[in-house]
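The next block holds one structure in the form of structure tokens; read it before the comments.
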Amino acid sequence: MTLTQLEIFSLVAELQGFTSAAHRLGISQSAVSHAVKALEQELGVELFRRHQTLVELSDIGAQLLGRARAMLGLAATLQQEAADARGMKRGTLRIGSFGPTASVRLLPTILSHFRQAYPGIEVHVDEGPDRQVIQWLDERRVDVGFVVLADTPTDSERFDTVALFEDQLVVLLPATHALVASTSVPLQALCDDPFILTEAGSSELVMRLFSDARLRPNVRYRCAQLLSTLEAVSRGDGLSIVAQASLPERVDSRYVARPLSPPVPRRIGLAVLDRRQASPAALAFLTLAQGLQHTGTHR
């Protein structure tokens with residue numbers, strides 16, 4: 001069993017295909033198939049169920065995938081600790097990010113400073129909904145991820161986190177809606193109109209607000225991107241709740257944002273699975289991000 005075999009196995013599982021994995025790795029499909037077959041023969045189990053153009057993990061394959069990713073993560077940490085001894089001239093950092101606040105407002109500034117400090121570190125960024133970033137952290141698919149921090153117990157409390165930024169949730173209303181006349185909007189007032197849920201941002205936090213208040217929004221639309229939500233609200237298709245910092249700086253007269261009543265803060269931070277096992281590159285990224293937060297660069 002080699003780390004290369006485990007890397008290929010993990011990538012085939014992620015991309016659900018031998019051809020896709022071969023393209024990503026820049027090797028032939030036969031080399032990918034041979035590596036997986038050799039690993040299966042050594043372990044004595046079938047890792048995948050093969051279909052015509054798609055492969056899926058077998059039950060034992062799904063069970064072993066987490067172990068494989070853990071081993072690859074530890075190997076990467078070992079390599080980066082050695083790189084750290086050489087001044088971190090080489091290595092890889094995998095970052096999970098979500099929504100405009102993390103991906104547009106926070107990440108570019110941190111990345112710019114990080115690349116200046118550690119130009120030899122290769123950075124990979126994966127974007128997805130906030131809950132998916134938590135899953136990526138859990139599965140060791142990313143080394144560090146942006147997460148929504150909360151005062152109540154959440155999945156993110158399983159990780160080691162640092163707070164970076166705070167804004168508040170706001171109600172998005174069509175410009176012609178009656179609630180525009182209000183200086184703030186209670187959550188209960190949002191249950192009669194069609195509701196638009198933005199999956200890309202803090203959807204878990206939004207739905208938890210309604211659940212904790214024992215309210216149920218009339219969810220008619222689920223938008224993968226904030227831009228789609230803004231357009232739907234602008235057309236008068238419904239109302240929404242989004243993070244204030246995620247809104248475009250350019251004012252659009254077709255929709256209006258109003259604070260919730262009472263106000264609902266949202267804190268964004270960075271998380272690693274375990275600081276004690278985090279790679280030097282991940283720890284350097286955390287430290288740099290904290291330093292920028294203390295100097296007010298994120299604001």
Residue pair Cys223 / Ile196: nearest heavy atoms and the distance that separates them: SG-CG2, 3.7 Å

Give a yes-or-no answer on whether the side chains of Ser103 and Glu127 include a donor-acceptor pair shorter than 3.5 Å. yes

Check for me whether the distance between the ring centres of Tyr221 and Phe195 falls short of 6.0 Å. no

Is Arg216 atom CZ crowded by more than 12 heavy atoms from other residues, nucleotides or ligands, each under 6.0 Å away? no

Flag if over 12 foreign heavy atoms under 6.0 Å of NE2, His23: no

With Asp167, which of Arg105, Arg266, Gln244 fulfils side chain to side chain donor-acceptor pair (under 3.5 Å)? Arg266

Beyond-backbone contact of Val233 with Leu173, side-chain heavy atoms, under 4.5 angstrom: no

Please round to the nearest 0.5 Å and tell me the distance separating atom CG of Leu11 and atom CZ of Phe9. 11.5 Å

Hey, mind stepping through Ser33 and Gln29 against side-chain contact (heavy atoms from CB on, under 4.5 Å) and telling me if it holds? CA-CA 6 Å; Ser33 299; Gln29 182 177 338; 4.3 Å; yes

Answer yes or no: is there a side-chain heavy-atom contact under 4.5 Å between Leu215 and Gln188? yes

I'd like to know if the side chain of Thr2 and the backbone of Gln5 have a donor-acceptor N/O pair within less than 3.5 Å. yes

So, applying salt bridge (Lys or Arg N to Asp or Glu O under 4.0 Å) with Asp143, which one of Arg275, Arg69, Arg94 is it? Arg94

Report the C-alpha distance between Leu239 and His177 in whole Å, list the side-chain angles of each, state the deciding distance to 0.1 Å, and finish with yes or no for side-chain contact (heavy atoms from CB on, under 4.5 Å). CA-CA 9 Å; Leu239 318 178; His177 198 281; 3.6 Å; yes

Hey, any chance Val104 and Val125 share a hydrophobic cluster, counting ILVMFWY side chains that come within less than 4.5 Å of each other, even indirectly? no

Taking atom CD as the centre, does Glu46 end up with more than 12 heavy-atom neighbours from other residues, nucleotides or ligands that are less than 6.0 angstrom away? yes

May I have all residue pairs that pass salt bridge (charged side-chain N to carboxylate O under 4.0 Å, His left out) and include part of residues 28-44, sequence neighbours excluded? Glu40-Arg50

Quick check against the 3.5 Å criterion: does Ser234 have a side-chain atom that pairs as donor or acceptor with the backbone of Leu230? yes

If you measure from CG on Leu93 to OH on Tyr118, what distance do you get to the nearest 0.5 Å? 11.0 Å

Given side chains that start at C-beta, do those of Leu209 and Leu187 come closer than 4.5 Å, heavy atoms only? yes

Considering only heavy atoms from C-beta outward, does the side chain of Val171 approach that of Val256 to under 4.5 Å? no

Nearest heavy atoms of His124 and Thr92, plus distance in Å: CD2-CG2, 3.5 Å

Taking atom types as modelled and ignoring hydrogens, do the side chains of Ser240 and Thr229 form a donor-acceptor contact shorter than 3.5 angstrom? no

Does the side chain of Thr101 pick up a donor-acceptor pair with the side chain of Ser246 at under 3.5 Å? no

Which value, rounded to the nearest 0.5 Å, describes the distance between Ile134 atom CD1 and Glu204 atom CD? 7.5 Å

Nearest-0.5 Å distance, CG of residue Asp193 to CZ of residue Arg220: 9.5 Å

Counting only N and O atoms by type, is there a donor-acceptor contact under 3.5 Å from the side chain of Thr287 to the main-chain atoms of Leu283? yes

What is the minimum heavy-atom distance between Val133 and Gly145, and which atoms define it? CG1-CA, 3.9 Å

Verdict with reasoning, Arg115 to Ile121, per side-chain contact (heavy atoms from CB on, under 4.5 Å): CA-CA 7 Å; Arg115 284 175 174 146; Ile121 300 294; over 6 Å; no

As a quick check of understanding, evaluate side-chain contact (heavy atoms from CB on, under 4.5 Å) for Val147 and Ile268, giving each step before the final call. CA-CA 6 Å; Val147 296; Ile268 301 295; over 6 Å; no

So, taking the atom named CG in Leu273 and the one named CH2 in Trp136, what distance separates them when rounded to the nearest 0.5 Å? 15.5 Å

Side-chain touch Leu47/Leu39, heavy atoms, less than 4.5 angstrom: yes

Answer yes or no: is there a side-chain heavy-atom contact under 4.5 Å between Asn218 and Asp192? no

We want to know whether Ser28 and Ser30 form a side-chain donor-acceptor pair, criterion being a heavy-atom distance below 3.5 angstrom. yes

Find out whether Phe98 and Pro129 are in side-chain contact, i.e. whether some heavy atom of one side chain is under 4.5 Å from a heavy atom of the other. no

Between Val142 and Asp126, what is the shortest heavy-atom contact and its length? CG1-OD2, 4.3 Å

Scan side-chain atoms only and decide if Ser203 and Arg131 contain a donor-acceptor pair under the 3.5 Å cut-off. yes

Exercise: identify the closest heavy-atom pair between Val180 and Pro174: CG2-O, 3.4 Å

Is Val45 reachable from Ile8 through a run of hydrophobic residues whose side-chain heavy atoms are each under 4.5 Å from the next? yes

Heavy-atom closest pair, residues Val272 and Phe159: O-CB, 3.1 Å

If you round to the nearest 0.5 Å, how far is CG of Asp160 from CG of Asp274? 5.5 Å

List in chain and number order the residues that pass side-chain hydrogen bond (donor to acceptor under 3.5 Å, both in side chains) with Asp237, two or more places apart in sequence or in another chain; answer none if no residue qualifies. Arg235

Return yes when atom CE of Met207 has more than 12 non-hydrogen atoms of other residues, nucleotides or ligands closer than 6.0 Å, and no otherwise. yes

Backbone of Leu179 reached by a side-chain donor or acceptor of Arg258 within 3.5 Å: no

In terms of hydrophobic clustering (I, L, V, M, F, W, Y; side-chain heavy atoms under 4.5 Å; direct or indirect links), are Leu107 and Leu227 co-clustered? no

Quick check on the hydrophobic clustering: are Leu65 and Leu74 connected, directly or via other members, by side-chain heavy-atom contacts under 4.5 Å? no

Tell me, do Arg254 and Glu231 make a side-chain contact under 4.5 Å, heavy atoms counted? yes

